[in-house]
Amino acid sequence: MTADPTAILNDRFDEAMKAAFGDDLPEGASALLSPSKNPKFGDFQANGAMGLAKRLGKPPREVAQAILEHLNVSDIAEEPEIAGPGFINITLKPGALSAAVAEMDSPELGIEPAADPNSEFRKQTVVVDLCGVNLAKQMHVGHLRATVIGDALARLNERLGHEVIRQNHFGDWGLPIAMVTTAIKDGIDAGTIDPQDLTVADLEHYYRSAQAECAPDRRGLAAVEKFALGPKARAELEEQVAGAEAALARAKEGLVALQAGDASYMTVWRQICHITLEDCFRNCRKLQANVTDEATAGESTYRDELPEVVHDLESRGVAEESDGALIVRIEDLTGIKEPCLIRKSDGGYLYATTDMAAIRRRVRKLGADRVIYAVDSRQGLHFKQVFAAAKKAGYTKLIRGEGEAELFHAAFGTVLGEDNRPFKTRSGENVRLSDLLDEAIARAEKAVAEKNPDLPEAERHEVAKAVGIGAIKYADLSSDRIKDYVFSFDRMLTFEGNTGPYLQYAQVRVRSILRKAENEHSIREADIAEAPLVIEQPEEKALALELLKYPSVVRSAADSCEPHRLCGYLFDLATSFSSFFTACPVLKADSDELRLSRLRLASLTGRVLRDGLNCLGIAAPERM
RNA sequence: GCCCCUGUAGCUCAGCUGGAUAGAGCAUCGGACUUCUAAUCCGACGGUCGGAGGUUCGAAUCCUCCCGGGGGUGCCA
């Protein structure tokens, strides 16, 4: 038995509509119940009568009236009213509202955990592809969103009770990797590189030089010929091209050696992997994102599966040859003319091949019902191709039950600098993630020191980490994923408006008031937990109604893979709480009953804020 | 060329399957602190929702065309 007004009202409307229209009621007709947009229209509104009227060919207000004649909500609501073209407005009775809030005031905060097999919220296995670092490269802003958004989506699904498997799709295989591995191995063999003290920065340096070394400057050579730039320039370029060809050939040997599992190459390669990943995990810890070794599945782990996948596709006629390459046509499924290439004409595999293998493993081995890719929007076409090809190949068939796994590209836009160009350093380099995080923490620490000088230094530093990192993550999560956004420390750390620190501060105010209740009034959590709720002031009512939205917001943010919905909600909740906090004295309330009631509202608000922030991967400090 | 994304207040952005007078924050202006942490709150100002058609009782939302911005486009990942 629920006290959730939305659930109750939905049921009652369903009954009323059936009673009013019987067999004439169209399939899927709904009351379209939602919280009112404006308090003057009551607490909830049902918009379904108007759509229903169209389908029944009757005047909307008449339909609304017919529903009302069969609607029985007198136990929880005042007399419903028809307004405008056919809205039905519902105002809850005070007792119903406090009962609903009291019901929600539980450890689960009103979110029914997913369960199997036949519950309303079926437990699913959700694979989240996130982070996506590359071997021998430092993390930079480009990894920020893949990590922050992916982690938030994983947390949201965990919160709903799903089985979540994170997959850090580590770019540790292929020709570019062979280039750097070969270069470093040669350096070690020649005694110019000490394998003991290699850092990621070193690796990145070698990665770049290896890339450059293997890239013949054919355009330069062509220019020399075109403009007759003289024998010296020509000789230099010819030498460069010859050198590049040799380096490339050497790298290809390296690739073959790696593919064959050659011990001397593998040792170097493993060390490069280790150094890269340790740096990655360190950054993720600093970012307070849950990405670990167990969650890391490098592209190399698919290497034995690639020939299998290709052979499977070829033998079953899913793939076909075209211009020497092996492709899967997807135009029939998607209307997209560009096919999915899974093998090059030289026999090499492509990243689509690896992604096909990954889908196969994730659905068949990991048992995914849903695979979510937190990856840059520029990969949009690639994923459409791979998803379609995987579907065509039958790789999305669920291992449990009927149907197919859902493959979802949670695409995100670019992080821009203040100049509206992709965020880079002045010299045009990628901004290192660790630098970015350090600066956020430093700026937050300065602000905390100004605002709250009494905070002990050790705690101040911890708070700065929560606030600085929270600010970055919230800025990333709070607007629609697909859009680009401008990275601005000033805006995200002003602590005003829709920012992480604003939410953290609202939560801190709750903590503060509860501490004070305990220390100065000897009121304990247990006294508050069962206190009767008195909801009379407009600010109390607004806060109560806002609190009730929480479970459905978490669900919708997870289902749509849109964390910004939760952000927007938490901001509204924090705003409602701040208004309540200003307008309604809590500890100085007029009566003990009111004091406890307001403490309970505050406590619940604090827990929802904390829980919501946790779903976003943002810490909620005790003080700030 | 084709495809995808995007265009809402001076700035940054919400607006969920079409619903009531399009909402916040910042900025600007005016109020509220011997505090429950003012990192706050209350109020004012501010928008032909890129443009033009169309569908609808009703369109920022759906359809068509056009314009601006970004991105992607068969053998890199």
Presence of A:K483 side-chain N/O under 4.0 Å of B:rA14 phosphate oxygens OP1/OP2: yes
Is the phosphate of B:rU40, meaning OP1 or OP2, less than 4.0 Å from a side-chain N or O of A:S579? no
Which is true for [X] with a 4.0 Å heavy-atom rule: it touches a base, it touches only sugar-phosphate, or it touches nothing?
X	answer
A:G51	base
A:S345	base
A:Q504	nothing
A:A583	nothing
A:P501	nothing
A:L326	nothing
A:D172	nothing
A:E562	nothing
A:D346	nothing
A:R565	sugar-phosphate
A:F577	nothing
A:K516	sugar-phosphate

Within this structure, what is the [atom1]-to-[atom2] distance between [X] and [N], rounded to whole angstrom?
X	N	atom1	atom2	value
A:N420	B:rG68	CG	C1'	14 Å
A:N47	B:rA59	CG	P	15 Å
A:L477	B:rA14	CG	C1'	15 Å
A:D480	B:rC13	CG	C1'	10 Å
A:I336	B:rC4	CD1	C1'	9 Å
A:H564	B:rG15	NE2	C1'	9 Å
A:Q537	B:rC41	CD	C1'	16 Å
A:Y349	B:rG74	OH	P	22 Å

Keeping A:D527 on the side-chain end and A:R524 on the backbone end, is there a donor-acceptor pair under 3.5 Å? yes
Using a 3.5 Å distance criterion without hydrogens, assess whether the side chain of A:Y550 forms a donor-acceptor pair with backbone atoms of A:G612. yes
Spacing of the [atom1] atoms in [M] and [N] (rounded, Å):
N	M	atom1	result
B:rU12	B:rG53	P	29 Å
B:rC65	B:rG74	C1'	31 Å
B:rC29	B:rG54	P	45 Å
B:rC57	B:rG70	P	41 Å
B:rG15	B:rU73	C1'	33 Å
B:rG1	B:rA59	C1'	33 Å
B:rG25	B:rA14	P	16 Å
B:rG51	B:rA60	C1'	14 Å

Can a donor-acceptor pair be found between the side chains of A:S603 and A:R607 at a distance below 3.5 Å? yes
Side chains of A:H409 and A:Q379, donor plus acceptor under 3.5 Å: no
Identify which nucleotide among [options] has an atom closest to any side-chain atom of [X], counting heavy atoms from C-beta outward.
X	options	value
A:I482	B:rG72, B:rA20, B:rC5	B:rC5
A:K384	B:rU17, B:rU40, B:rC4	B:rC4
A:L32	B:rC16, B:rU17, B:rA77	B:rU17
A:R329	B:rA14, B:rG74, B:rA20	B:rG74
A:L341	B:rG74, B:rA20, B:rA77	B:rG74

Donor-acceptor pair present, A:K54 side chain and B:rG58 base, under 3.5 Å: yes
Check this for me: does the side-chain of A:S322 come within 3.5 Å of the base of B:rG74 through a donor and an acceptor? yes
Tightest non-hydrogen contact, residues A:S30 and A:L32, listed as OG-N, 2.9 Å
Heavy-atom pair with the smallest gap, counting every atom of A:I523 and A:L599: CD1-CD1, 3.8 Å
Dot-bracket pairing map - RNA chain B, Watson-Crick plus G-U, both contacts under 3.5 Å, | cross-strand: (((((((..((((.....[...)))).(((((.......))))).....(((((..]....))))))))))))....
Reading RNA chain B from 5' onward, which residue's closest nucleotide shows up sooner: A:S34 or A:Y502? A:S34
Would you mind telling me which residue lines up with the more 5' stretch of RNA chain B, A:Y485 or A:W173, judged by nearest nucleotide? A:Y485
Taking 4.0 angstrom as the limit, do A:D419 and A:R421 come out as a salt bridge? no
Using a 4.0 Å heavy-atom cut-off, write out nucleotides 23-34 of chain B from 5' to 3' as B (base contacted by protein), S (sugar-phosphate only) or - (no contact). -SSS--------
Whether [X] and [Y] hold their rings parallel, tilted or perpendicular, with breakpoints at 30° and 60°:
X	Y	result
A:H382	A:Y351	parallel
A:F581	A:F577	tilted
A:F487	A:F423	parallel

Going by ring centres under 5.5 Å and near-parallel planes (under 30°), is A:F41 stacked on B:rA20? yes
Over 12 foreign heavy atoms within 6.0 Å of CG, A:D590: no
Between A:M356 and A:L313, does the side-chain contact (heavy atoms from CB on, under 4.5 Å) criterion hold? Intermediate values first, please. CA-CA 10 Å; A:M356 290 285 282; A:L313 296 174; 3.8 Å; yes
side-chain contact (heavy atoms from CB on, under 4.5 Å), that's the test. Do A:E459 and A:V463 meet it? Break it down for me. CA-CA 6 Å; A:E459 186 175 353; A:V463 170; 4.1 Å; yes
